[in-house]
Structure formats: C-alpha cells, structure tokens
Amino acid sequence: MKAAVVVFPGSNREGDVLKALAQAGAEVQKIWHAETALPSGTDLVVLPGGFSYGDYLRCGAIAGRAAVMDAVRAHASRGGKVLGICNGFQILCESGLLPGILMRNANLKFICHRQTLRVERADTAFTRAYAEGQVIDVCVAHGEGNYTADTDTLARIEGEGLVAFRYCDAQGHVTADANRNGSMNSIAGIYSDSLNVLGMMPHPENLIDDLVGGTDGRGLFQSLMAA
Amino acid sequence: MKARVTVTLKTGVLDPQGKAIEGALKSLGVEGVASVRQGKVFDVELDTADRAKAEEALKAACEKLLANTVVENYRVEIA
Amino acid sequence: MKARVTVTLKTGVLDPQGKAIEGALKSLGVEGVASVRQGKVFDVELDTADRAKAEEALKAACEKLLANTVVENYRVEIA
Amino acid sequence: MRNAIEITPQLVKEHGLKPDEYERFVALIGRTPTLTELGIVSAMWNEHCSYKSSRLHLRTLPTKAPWVIQGPGENAGVIDIGDGLACVFKMESHNHPSFIEPYQGATTGVGGILRDVFTMGARPIAALNFLRFGEPDHPKTRHLVSGVVAGIGGYGNSFGVPTVGGGMGFHRRYNGNILVNAMAVGLAKTNEIFYAAATGVGNPIVYLGSKTGRDGIHGATMASAEFDDASAEKRPTVQVGDPFAEKLLLEACLELMQSGAVIAIQDMGAAGLTCSAVEMGAKGDLGVELDLDRVPCREEGMTAYEMMLSESQERMLMVLKPGMEAEAEAIFRKWGLDFAIIGRTTDSLRFVVKHRGEVMADLPIKELGDEAPLYDRPHRANTYQPTIAPESVTPPVSNGEALLRLVGSPDQCSKRWVWEQYDHLILGNTVQMPGGDAAIVRVLDGPKGLALTTDVTPRYCEADPVEGGKQAVAEAWRNITAVGGLPLAVTDNLNFGNPERPEVMGTLIGCIRGIGEACHALDFPVVSGNVSLYNETNGQGILPTPTIGGVGLLDDVTVHATLAFKREEDAVVLIGATRGWLGQSIYLADLCGREEGAPPPVDLAAEKRNGDFVRNLIRSGQVDTVHDCQDGGIAVALAEMAMAGGIGAMVTAAPEGVPLHAFLFGEDQGRYLLACDVDQAADILYEANALGIPALMLGLTGGRSLILPGNETISVAQLKAAHEAWLPDYMAGKAA
Ligand SMILES: Nc1ncnc2c1ncn2[C@@H]1O[C@H](COP(=O)(O)OP(=O)(O)O)[C@@H](O)[C@H]1O
Ligand SMILES: [Mg+2]
C-alpha cells in the first residue's frame with residue numbers, strides 16, 4: 001500500500017504516523033502542503049497530528065485551505081482512502097471532507113492521557129483488524145477535540161452508522177466520565193458517507209510498541225494494509 | 001482603509017468557552033452575568049481606498065477563511 | 001440587558017495569529033489586505049436593569065478575567 | 001558620533017548600572033557613551049548576561065569528564081552517549097517574566113531553552129520543568145499556577161516536544177517571586193555540533209526568524225532587578241511566544257545546518273541582537289559590523305537602541321559561508337521565515353552598529369564581555385541549625401492518618417493535573433512518563449534510552465546550603481539510578497535572592513560548594529546552567545533553590561525499573577541506612593508546623609555505593625521495581641509504589657532504636673525501596689551484606705491496603721483518593 005503523509009507548517013506528529021505505517025509494511029512518502037498533486041498510485045493520504053499554522057484562527061482552518069487539499073479532495077471523491085488524526089481530523093472538518101467541527105475541550109484545557117475507545121464497526125478499510133465493540137487503548141493529546149455538529153447532521157451520522165469510535169471506559173461502557181473533551185455522543189472519530197475518509201482525535205500511531213504503552217493502535221494500520 | 005470583522009457563533013451552537021467563562025465569573029464573585037458567548041474580531045488594514053473593492057475583499061476573506069460558516073456568522077464594518 | 005465586550009491586543013504586542021491569517025489570505029488570493037490583528041468579543045446577557053450596576057459588573061469581569069490587561073485593552077458597550 | 005540624548009546619572013541608574021560600573025565603562029571607551037552604547041553595556045553587564053556575582057564561584061564547579069564534549073560556555077552542554085550521538089541539554093529560568101505575565105512568561109521561557117538546544121544542531125526530544133509557587137491560599141497563586149502550566153504546555157505541545165518531567169511545590173517564600181525553570185534535551189550527531197564562535201573576516205552575518213518588535217526591551221535588565229510594588233509598571237516589556245514560528249525556525253535551522261552553509265550560530269535570547277552579535281564576535285576574536293537598516297522590523301520607526309535591546313522571540317543570528325547566502329535564503333523562504341544579511345565580520349575587534357547612515361555604537365567587542373564587572377561579594381555563612389533528635393519529635397496519633405495527610409498535601413499530592421496539560425507522549429519514545437522517579441525517553445529507535453530528572457529541596461538548602469547543594473545533586477543522581485540509568489551530567493539553575501545581601505551570597509556560595517562536592521564525588525559534571533538572582537520582593541527573598549537537571553543513560557532501555565508494585569507476595573527491601581532523620585522533614589514541616597533543624601546529611605560515599613548496587617540489580621535483571629526515598633521517607637515511598645501498582649503491602653519490620661514515626665517518615669539520604677520475589681530478596685540481602693551495604697527486608701506486597709507496623713491499615717484506594725484530589729480541587733477553587 002502506498003501512503004502519502006501530508007506535512008503542513010506546524011505538523012508535528014508526521015514522524016509518529018510514518019513509523020506506524022512503515023511498521024505495518026506500507027510504502028510511505030512525505031509530501032509538502034504546497035504540492036498540488038499526490039504521488040501517482042497513492043492509496044492512502046494521511047493528515048497527521050500537530051498544530052498546523054499554529055492552530056491559529058481555528059484548528060485546521062488554514063491547512064484546510066492549503067493547495068494540496070484540492071488534490072486530497074479529488075483523491076477522496078475517487079474513493080481513495082484518507083485518514084486524518086487529531087489536527088488531521090480538524091483539517092478534514094474545516095475542508096468540508098467531514099461534517100461538524102471540533103471545539104475547545106469542555107474543560108478548556110489541552111489534555112494528554114491514555115484513553116480507551118470502542119470500535120463501533122469492524123467492516124471498514126480502517127478497522128477490519130479489530131472486532132466490532134472491541135475496546136482499544138490509544139492516547140489522546142489535544143486542546144480542541146470536542147466534536148460538535150448540528151442536530152440533523154448528528155442524527156444522520158448516527159443513523160447511517162458513520163461513527164467510527166467512541167470514548168468509553170475500560171469495560172467498553174460509553175460514560176460521561178470517559179468523554180473528557182465533551183464530544184457529542186462521545187464521538188472520537190467519524191467516517192465520510194462512503195466510509196473511505198476517517199477522521200479521529202486520538203492517536204493510534206502512539207500505541208504501536210509494547211515498551212511505550214502497548215500495541216492496540218497497530219490494528220488500524222494493519223487494517224489498511226489488508227485493504 | 002481600516003475595517004473590523006466580527007465573527008460570532010450561530011445561536012444554538014454550544015459554546016464551551018462561554019459556558020466556562022460564566023462559571024468562572026460566578027466563582028470570581030462577579031454578579032449579574034446571565035450568559036456569555038465568545039466570538040472573534042479582526043482589525044484589518046486594507047491597502048485600497050476603494051470602498052467597494054474593500055468590501056469585496058473582506059467578504060471573500062470571511063467566506064474563504066475567517067468564518068466557519070457552518071457554525072459562525074460574520075459581520076463587516078468599514079471605518 | 002445585553003452588552004458586548006471587545007478585547008484587543010495593545011499596539012506593539014506581537015500577534016502570531018494575525019500574522020498567520022495575513023499569510024493565509026494572501027495565499028488564498030484575497031487581494032488588498034495589508035495587516036490583520038485578532039481580538040475577542042464577548043456577548044454578555046446581564047440579569048439586571050440597572051445600567052450602573054451592569055457597567056460595574058462588566059468592568060470587573062474584564063479586569064478579573066476577560067482581558068489580560070498586561071497585553072490587552074478592552075472596551076464595553078451596553079446595548 | 002552624536003549624543004542625541006544626554007547621559008545623566010538618572011539614566012544610568014535606570015539602566016541598572018551602578019555608578020562605579022558606569023565609570024568603568026567610560027574609562028574603557030575613553031568618552032561618554034551614546035544612548036545606544038549605554039543600552040548595549042547595560043545588557044552585557046547586567047547579572048543575567050555577565051554573571052558578575054556568580055562567575056567567580058561557578059568556576060569551582062567540576063565540568064569535565066571523558067564523555068563531556070562541551071561544558072559551560074555555549075548555548076547548552078553536550079555529552080557523548082555513544083553510537084556517534086550526543087545529548088545536548090540546558091536549563092534556564094524565566095522567573096520574573098512569569099510572575100508578571102504567567103502564560104507568556106512561561107511560553108517564552110520554554111521557547112528560549114528549546115532554542116538554546118537546537119542552536120547547537122540538536123533536535124529537541126524532551127522537555128522538563130521545575131516550578132515553585134507561593135502558598136496555596138495566597139491570592140495570586142491559583143492564577144499563576146494555571147497561567148504557567150498552560151503556557152509551558154501551550155508552547156511545548158505546539159512545538160512538538162514531549163514534556164516528560166519536572167517538579168512543582170508551594171511555599172510562602174515564593175509568594176512574591178515564583179520560579180519557572182525550563183529544561184530542554186536534544187540529540188545531535190557528535191560530528192555535527194554547532195557553536196557560537198564566528199570565523200573568517202568579511203563573512204556575512206545573517207538575521208533569521210521572526211521580525212523585531214519592541215518586545216521585552218529591558219527584559220534582561222528586568223530579569224536582574226529586584227521587585228517592588230511598582231514592578232507592574234514594567235509590564236510593557238512582556239514578550240509573546242510564537243511556538244509555530246519556533247517550530248518553523250527549528251526545521252529551517254536544521255535543514256540549513258545540513259546544507260553546510262553555517263559557520264556559527266547563536267540564538268537571540270536575553271538582550272537579543274546585542275548579546276548574540278557580541279558573543280559571536282568575541283568568541284571568534286573578530287569584530288562585528290551591523291547595519292540596522294536591514295533588520296526586519298515589525299513596527300514603524302524603531303530606533304537603534306530599541307533594535308539592539310529588543311527581546312522579540314524566535315530569532316537567530318548566523319555567520320554563513322560566503323557564497324551560500326542564496327541557498328540559505330531559499331531554505332528560510334520555504335519555511336516562511338525572514339532572512340536578512342545585516343552585517344559582516346571584521347578584523348577590527350570592534351562592535352560597530354550603524355543606523356540610517358550614522359554610527360550609533362562603536363565599542364571594543366572583547367572587553368564588553370571580558371571586562372564586565374566581576375564581584376567577590378561579601379558573604380556570611382548562615383548560622384547552622386541544631387540536629388533534632390527523633391525522640392524529641394512528637395509521634396502522630398496515627399501513622400496511617402499522618403501518611404494520608406502527607407500524600408494529599410500540596411507538595412506531595414499527584415501533579416497529574418499539571419502533566420496532563422503537557423503532551424508527554426508525542427514522538428512515541430516516552431518509556432517512563434511523568435510520575436516516575438526519572439523520565440525515560442528512548443533514543444531514536446533504541447536500544448539506548450535517556451533518564452531525565454529535575455530536583456532540589458529548598459528547605460534543606462535554607463537550613464544548610466552545603467548539605468542542601470549536595471542533596472540536590474544526590475537526589476537527581478538517585479532518581480536516575482532508580483530507573484536503571486547511569487548518571488552522566490547535570491545542568492544547574494541557581495535561583496537565589498539579592499546577592500548584595502551577605503547572607504544570600506553566603507547561601508549561594510554554600511550551595512555551589514555542595515553541588516561541586518557532590519558532582520565531583522558522583523562523577524556527575526556540570527555541563528550547563530543558568531543563574532537567577534534578585535528573586536526578592538520588598539526585602540523578602542525566595543528559599544535558596546539551586547535546581548539540578550540530571551541526565552543519565554540506559555544502554556538497553558527495555559531493561560529499566562519503575563516504582564509500581566507489580567506482583568503480590570513480592571518482598572519489599574530497603575537499601576541504605578535509616579537513622580530516622582526528622583530535621584527539615586516534610587513530617588516536621590507539614591504535620592508539626594516546624595521548619596526546623598539540620599537537614600539530613602549526605603554521605604556521598606554511601607550514596608555512590610548504594611546507588612551503584614541498586615543500578616546493578618536493575619541492569620542484571622534482578623529487580624524491576626525500585627523507588628528512592630525522599631520527602632516523607634519510607635512511608636510516602638511505600639504509598640507511592642502501592643498507588644502506582646494498585647497493590648498493597650504489609651510492613652512488619654521496625655528496627656530497634658528508632659522511634660516508629662521517625663523510621664517511617666525520616667528523610668535519611670541514599671535510600672531505595674525494592675520489590676522482587678522472596679528468593680531474589682534473600683540473595684540481594686546476602687550480596688548487600690557482603691558489600692557492607694545496609695539492607696533490610698520490610699515486608700511483603702499484596703492485598704488492597706498498606707499495613708504499617710502495629711497493624712495500622714490504610715486502603716490503597718483511600719490513599720489514591722487523597723493523593724489525586726488536592727490539586728484539581730484546589731484549581732477548581734476549593735479552599736486550600
Ligand atoms: N549555574 C551555572 N552552572 C554552570 N554553567 C552555567 C551556569 N549558569 C550559566 N552557565 C553557563 O553560562 C553560559 C551562559 O549562560 P546563559 O546566559 O544562561 O546562556 P544563554 O545566553 O544561552 O541563555 C551558558 O553556557 C551556561 O551553560
Ligand atoms: Mg542561548
């Protein structure tokens with residue numbers, strides 16, 4: 001699988017996701033935000049975590065309008081896979097590739113901690129290596145992860161089963177305590193209508209190593225390889 | 001030419017910052033505040049004297065970047 | 001009673017956000033913008049009818065929380 | 001040269017120069033200085049840049065070892081960690097600015113130290129910080145805590161470096177002067193380290209990074225001035241940090257260094273353009289000529305004086321190889337940063353500053369540094385406090401209750417509220433996150449790892465500066481050892497009051513002596529550091545706080561120890577001698593309200609012997625559970641191990657001749673708690689005995705409670721609740 005990781009000024013987790021992709025066996029390539037085309041044969045585009053453009057104005061707002069995003073849009077509309085993690089999720093929302101917006105965390109603070117997620121469906125290109133309802137351990141590191149959408153949008157996302165992950169406790173219960181950033185319906189990640197675009201706040205790429213917290217994050221990248 | 005753009009959350013969109021500020025003000029003993037909603041202002045310097053051009057530029061700026069029209073409204077005032 | 005508080009950076013204080021926005025507008029092809037400085041607005045609902053009380057409350061809110069008077073100025077308008 | 005403004009004694013005073021210092025300068029240049037020159041010398045000769053009160057004494061610190069590549073004198077210290085890799089690190093304070101504007105003060109502090117590290121060619125891989133605030137119920141404290149913590153996170157998180165450790169405490173002596181010490185650690189190739197010394201006459205001097213504004217003018221002077229109630233007036237000097245610009249600057253600088261265009265590089269820190277330009281020239285025995293008309297400015301009509309003293313952040317100065325300007329400029333433009341050739345090196349050994357076609361300054365460049373005042377200030381050894389006999393300290397009604405109060409106290413409680421605001425997981429190499437003895441960060445893809453810590457016990461330093469200085473170093477060394485690291489070198493950040501007061505100066509000298517003795521005995525040289533004096537408000541100085549930042553090496557990062565109990569039925573073994581030392585202990589201070597007595601003495605030979613023994617046990621795979629004993633002694637250490645592992649323990653042993661509460665809460669130095677299986681423990685006790693190392697089997701792990709001698713039972717859940725509650729509750733506004 002050929003993966004292209006887009007680097008914006010202020011991206012800072014591109015190295016982490018490159019590592020995770022390479023570990024899963026992907027052929028990886030970095031591309032600069034000013035590019036207008038993706039490398040030919042790109043299967044997966046990754047928008048990594050970080051603070052693109054300092055997260056100034058709104059998280060992901062400026063990056064969401066970068067030159068390369070037209071190419072990413074085209075890729076997505078061709079059914080190509082796109083993964084946005086953390087700042088990447090914010091960029092996907094700002095660029096209109098995913099609905100809704102990520103607001104300040106409920107406590108208005110940046111929070112970094114380990115977090116358990118419930119895998120809502122295991123039949124997509126991103127999650128087939130997991131089981132439906134499986135509880136996975138990931139890490140969270142954001143100040144604006146509070147997923148918000150208007151009632152209709154939310155109803156549609158839920159109705160069409162486009163929720164990818166929810167914050168839950170260790171037993172898989174979706175509780176208020178487990179939803180530390182205050183996201184609507186405890187949403188941690190969502191898919192596009194045709195399930196080829198995934199945006200998520202937590203960082204599976206930081207849980208790929210027994211020495212550093214565990215390997216629950218690997219499944220996502222292995223799923224993409226199998227695709 | 002100077003202008004001010006004001007971007008505010010659409011009514012109905014919840015505003016965690018505003019909520020937190022309400023709480024903080026109460027705990028700071030500031031009385032009488034019922035609700036707070038936070039928005040942004042942009043003070044813009046334009047290097048054109050042409051009002052129409054300016055308005056056009058500012059509208060473009062808002063639509064393309066300054067406001068997320070999914071959840072935000074904007075207002076432009078030219079000094 | 002409704003009021004609007006506007007908080008802006010003191011002149012001379014660096015505004016990284018404004019700088020980033022200027023750059024973005026240029027690359028988005030928005031012409032004629034020379035400079036941008038970003039500030040905050042707070043739309044406040046007060047549960048008092050007494051103007052003097054309201055002003056006092058708002059001033060307190062600004063000094064204690066809404067504005068960082070080290071680097072920011074604030075302005076209060078009561079509707 | 002024109003003297004647009006008359007240099008009055010008042011003006012000299014406002015620049016923080018003493019009359020004799022001004023005379024010295026006039027004599028040096030043989031005429032009345034211009035205002036710009038006065039500004040330049042006030043920046044170069046203030047405490048922060050010239051170290052005029054401390055230089056003499058800092059010279060006594062051990063700074064050498066076979067693995068030291070660069071000691072004090074550059075932007076950061078450099079040590080060799082093998083495989084062609086170097087670890088580059090330094091700690092620096094931003095105390096005064098953080099008190100005036102906590103968020104921006106902290107961000108710019110972190111930004112400054114990160115810059116010091118990547119200026120040397122190293123990519124930052126970890127950040128730490130050491131914080132001290134006033135008493136919790138002081139009206140300012142909450143605001144300062146929330147601003148400083150948000151600021152440290154706000155900068156490091158965006159820049160993209162994990163903040164993996166630090167320290168935080170409260171004491172009334174910091175009510176008017178908080179401490180914000182930031183440490184950064186980076187990695188470089190040993191053969192690709194960059195220095196500040198310029199070489200070659202006529203080479204271009206290049207300005208890189210953000211534009212220059214009026215930020216922080218007199219910041220350096222402010223950082224060396226004692227506070228009074230009018231300090232609020234100093235506010236307009238507040239600098240604003242831009243982590244986004246710094247991230248771009250990092251990438252652009254490292255890319256430029258790879259291109260081979262860089263001869264010398266110096267970040268613009270305190271007193272920006274002045275210090276950096278003078279340092280580059282003076283260190284390279286060259287003159288420097290600057291043309292300020294070329295300096296990228298953010299504001300209209302900036303004067304030469306303002307440009308020379310501006311402390312706008314995220315700026316660098318470089319000397320480039322002639323002919324490579326275009327290539328260098330292309331790299332900086334790509335990252336959207338300013339690039340301007342603003343001067344050149346000369347053979348005149350003069351520092352010449354031109355603006356609008358006029359010479360605004362023309363000074364002898366080396367003398368600006370070398371001839372800076374150097375003081376051997378009068379000092380008084382402080383009166384030592386008597387040793388307090390354990391028997392003379394009233395025991396608590398209940399040791400369990402006492403322990404519960406200690407683990408839930410402002411200083412001992414969990415600092416999760418703080419480090420959850422720091423991205424401590426980015427880069428995917430954080431093997432031991434905040435909450436352990438030392439943080440562990442894997443080096444690249446391994447197998448090596450670095451152990452990092454910041455430590456000092458100010459109340460010890462106050463009571464006995466020499467022992468306190470020794471203890472700070474010993475504790476850092478011990479924390480690194482407790483995770484299995486081999487301690488290699490330290491950076492120190494000496495925070496003190498007004499050195500013009502003999503008792504403060506005496507304390508500073510005592511601490512430096514103690515640090516020197518310990519670093520020497522433990523083979524733990526000082527490779528970088530920073531001094532912050534005049535931490536004093538209305539005559540009230542802070543507790544002497546010589547913060548020690550320690551760096552250690554793990555050859556195989558997978559072989560390390562953590563403090564959490566891991567198994568039931570493990571034997572709990574105490575290494576090191578226990579006399580039940582309660583003088584200056586947390587027990588005495590927090591529970592008896594007595595900050596009294598001599599602090600625990602540090603036996604450096606025993607420290608080394610005990611530590612080397614424990615480290616070998618970890619490295620040979622015999623133990624994976626270790627915690628050192630410090631504040632609150634054995635009892636608090638046990639509680640921390642139990643809370644981290646969610647497993648209790650039963651302590652049966654209570655040695656003869658030491659009162660139980662002194663045994664539990666005494667703060668004797670050089671001690672560790674280990675947990676391992678019982679057979680293993682027997683061997684360890686035997687080995688220790690053979691080596692003459694005090695070792696004692698305390699009891700067994702297991703259950704959900706901590707059971708102290710005399711069958712006092714306290715549940716781990718209860719301990720955890722108290723431990724986790726205090727800080728969030730306090731920050732949420734509940735009374736302290
Ligand atoms: N307490 C100290 N111990 C050892 N070295 C020190 C100490 N204080 C300052 N130094 C060294 O003196 C040099 C100048 O310090 P400083 O002015 O803080 O550096 P910078 O100008 O990069 O901020 C640095 O190399 C620093 O390591
Ligand atoms: Mg420096």
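Since the model is a prediction, treat every value here as computed from it, not as a measurement. A note on names: the letters A, B, ... follow the listed sequences, proteins ahead of strands, and every chain is numbered from 1.
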Side chains of A/Arg13 and D/Ile426: closer than 4.5 Å at any heavy-atom pair?
yes
Check whether D/Asp242 gets within reach of chain A through its side chain, its backbone, both or neither, counting any heavy atom under 4.5 Å.
both
Below 4.5 Å, heavy atoms only, C-beta onward: do A/Trp32 and D/Lys334 meet side chain to side chain?
yes
Pick one of side chain, backbone, both or neither for D/Val161, based on which atoms fall under 4.5 Å of a heavy atom in chain A.
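Looking at D/Val161, nothing touches chain A.
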With a 4.5 angstrom heavy-atom cut-off, which part of D/Arg416 approaches chain A: side chain, backbone, both or neither?
neither
Using 0.5 Å steps for rounding, measure from the OG atom of D/Ser158 to the CG atom of A/Asn87.
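So the gap between those two atoms works out to 9.5 Å.
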Most contacts with chain A, counted as non-hydrogen pairs under 4.5 angstrom, among D/Lys247, D/Gln421, D/Met433
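Highest number of heavy-atom pairs under 4.5 Å: D/Gln421.
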Main-chain N/O of A/Ala141 paired to D/Asp423 side chain as donor or acceptor, under 3.5 Å:
no
At a heavy-atom separation under 4.5 Å, does A/Tyr53 approach chain D through its side chain, its backbone, both, or neither?
both
Could you check if a side-chain atom of D/Tyr422 sits within less than 4.5 angstrom of a side-chain atom of A/Cys112, using non-hydrogen atoms only?
no
With chain D as the partner, which of A/Ile208, A/Ile111, A/Leu211, A/Asn206 has the greatest number of non-hydrogen pairs under 4.5 Å?
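Counting heavy-atom pairs under 4.5 Å, the top option is A/Leu211.
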What's the spacing between A/Asp209 CG and D/Thr430 OG1 if we round to 0.5 Å?
11.0 Å
Side chains of D/Arg442 and A/Val212 in contact at under 4.5 Å (non-hydrogen atoms):
yes
Atom group of D/Leu248 that falls short of 4.5 Å from chain A, counting heavy atoms
side chain
Taking D/Phe159, D/Trp335, D/Phe244 one by one, which has the highest count of heavy-atom pairs under 4.5 Å against chain A?
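Among D/Phe159, D/Trp335, D/Phe244, the one with the most close pairs to chain A is D/Phe244.
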Would you call A/Arg180 and D/Glu420 a salt bridge, using N to O less than 4.0 angstrom?
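Salt bridge between A/Arg180 and D/Glu420, a charged N being under 4.0 Å from a carboxylate O: yes.
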Okay, side chain of A/Asn12, backbone of D/Asn157: is any donor-acceptor separation there less than 3.5 Å?
yes
Heavy-atom side-chain proximity of A/Lys109 to D/Val149 below 4.5 angstrom
no
Side chain to side chain, D/Glu251 and A/Val7, heavy atoms closer than 4.5 Å
no
